[in-house]
Amino acid sequence: GGVYSLLGLGLSLIYVVVRMVNFAHGEFVMVAALSTYFATQDLKLPYIVGVILGIATATGSAILLQQVAVRPLWNSPRVMALISTIGASIFISNLVMTTVGPNPVLLEMSFTKQYLSFGQITVSLYRVIVLMVAIGVVTGVHVILQYSWFGLGVRALMESPLASQLNGVNPQRAAIITFALAGSIAGLAGVLIAPLAILSSGMGIDMTLKSFAILVLGGIGNIWGVI
């Protein structure tokens, strides 16, 4: 649940600032999870290095997507940028499949097999940590939105895009920062779910659909509703 809250949060942030649904959002999760897998399993790097690499890869992918697939269509109807992200999702998925192969993989980590017992109730320690990390990230984003200049701009765009621009908010700069933030959050979700899920180049679309469902249920444009 915590991982999907992170996905919905990032997708909602993009919608608030850019006024479009990013249908390539799940691909950020996929590239982060697979980057972590190959860093730890093939390159034999420490897990924490794989985590950093996964988040960095997702963040870079998000910025690149914004620059290549969204920014050139800034003055076009938003449906054009939406369609562009669908095409980007297909391209990223096929590129990864061509690069690493179509076969699913598992990232087996010993720490996922540790459990906490409360009487007759047993829960996974790792899942509790994932939930706590998700709560921490959501709290951090709340602080950013409430007390930073970037957050003030996002809240202004949420209320009135036109009025916010008249008051000095640069929507394209806000879009770049928002995509980077959403990509890093999705990357974190990817590295968190990597030891728990079957990883493949096709997992991104599943993540996108689930995060979109969360976005709709929470209220499109309502950042806190998705949580």
Side-chain angles (χ1 to χ4, degrees), residues 6-32 55-96 137 141-142 144-190 204-205 207-216 218-226:
L6 295 178
L7 286 176
L9 177 60
L11 197 63
S12 185
L13 281 170
I14 291 175
Y15 181 85
V16 165
V17 174
V18 190
R19 297 294 171 178
M20 55 155 278
V21 178
N22 173 27
F23 277 102
H25 196 67
E27 307 306 332
F28 306 151
V29 180
M30 180 266 291
V31 297
I55 295 174
T57 303
T59 305
S61 299
I63 295 173
L64 183 62
L65 175 76
Q66 194 277 334
Q67 292 291 299
V68 174
V70 177
R71 186 173 182 175
L73 300 172
W74 189 263
N75 295 319
S76 303
R78 282 295 179 258
V79 67
M80 299 300 294
L82 184 150
I83 294 172
S84 181
T85 64
I86 295 175
S89 173
I90 297 171
F91 174 79
I92 295 170
S93 177
N94 282 277
L95 177 64
V96 172
V137 171
V141 171
H142 173 75
I144 291 173
L145 293 180
Q146 291 296 320
Y147 302 108
S148 71
W149 285 106
F150 169 70
L152 180 63
V154 170
R155 286 186 284 122
L157 287 167
M158 189 188 307
E159 294 294 331
S160 175
L162 179 59
S164 64
Q165 292 180 54
L166 293 175
N167 283 278
V169 176
N170 186 330
Q172 291 200 23
R173 181 181 298 174
I176 296 173
I177 298 173
T178 301
F179 264 85
L181 178 60
S184 62
I185 294 173
L188 177 61
I205 183 61
M207 293 295 172
T208 297
L209 293 176
K210 288 180 179 178
S211 57
F212 180 67
I214 294 170
L215 182 67
V216 172
I220 294 179
N222 181 2
I223 291 177
W224 309 119
V226 302

Is it true that a side-chain atom of [X] and a backbone atom of [Y] form a donor plus acceptor pair closer than 3.5 Å?
X: Ser12; Y: Gly8; result: no
X: Ser148; Y: Leu145; result: no
X: Ser84; Y: Ala69; result: yes

Inset, instruction - Would you indicate whether Phe150, at its atom CZ, is surrounded by more than 12 heavy atoms from other residues, nucleotides or ligands within a distance under 6.0 Å? - result: yes

Legend entry - Partners passing ring-ring contact (aromatic ring centres under 6.0 Å, His included) against Phe23 (at least two apart in sequence or in another chain): Phe212

[X] and [Y]: which non-hydrogen atoms are nearest, and at how many Å?
X: Val29; Y: Ala189; answer: CG1-C, 4.5 Å
X: Val21; Y: Leu82; answer: O-CG, 3.8 Å
X: Gly187; Y: Ala58; answer: CA-CB, 3.5 Å
X: Ala175; Y: Gln66; answer: CB-NE2, 3.8 Å

Which residues pass the side chain to side chain contact (heavy atoms under 4.5 Å, CB included) test with [X], not counting sequence neighbours?
X: Thr59; result: Ile55, Ile63, Ala180, Ser184
X: Ala213; result: none
X: Leu64; result: Val68
X: Ser61; result: Phe28, Val31, Thr57

Legend entry - side-chain hydrogen bond (donor to acceptor under 3.5 Å, both in side chains): pairs with one or both residues in residues 21-30, sequence neighbours excluded: Glu27-Ser89

Inset, instruction - Please tell me if the side chains of Val18 and Trp74 come closer than 4.5 Å, counting only heavy atoms from C-beta onward. - result: yes

To the closest 0.5 Å, what do you measure between [atom1] ([X]) and [atom2] ([Y])?
X: Leu11; Y: Thr208; atom1: CG; atom2: OG1; value: 8.0 Å
X: Ile144; Y: Leu181; atom1: CD1; atom2: CG; value: 6.0 Å
X: Thr178; Y: Tyr15; atom1: OG1; atom2: OH; value: 14.5 Å

Legend entry - Which residues share a side chain to side chain donor-acceptor pair (under 3.5 Å) with Arg71, sequence neighbours left out: Gln67, Gln172

Inset, instruction - Give the C-alpha distance, both sets of side-chain angles, the deciding distance and a yes or no for side-chain contact (heavy atoms from CB on, under 4.5 Å) between Leu7 and Met207. - result: CA-CA 8 Å; Leu7 286 176; Met207 293 295 172; 3.8 Å; yes

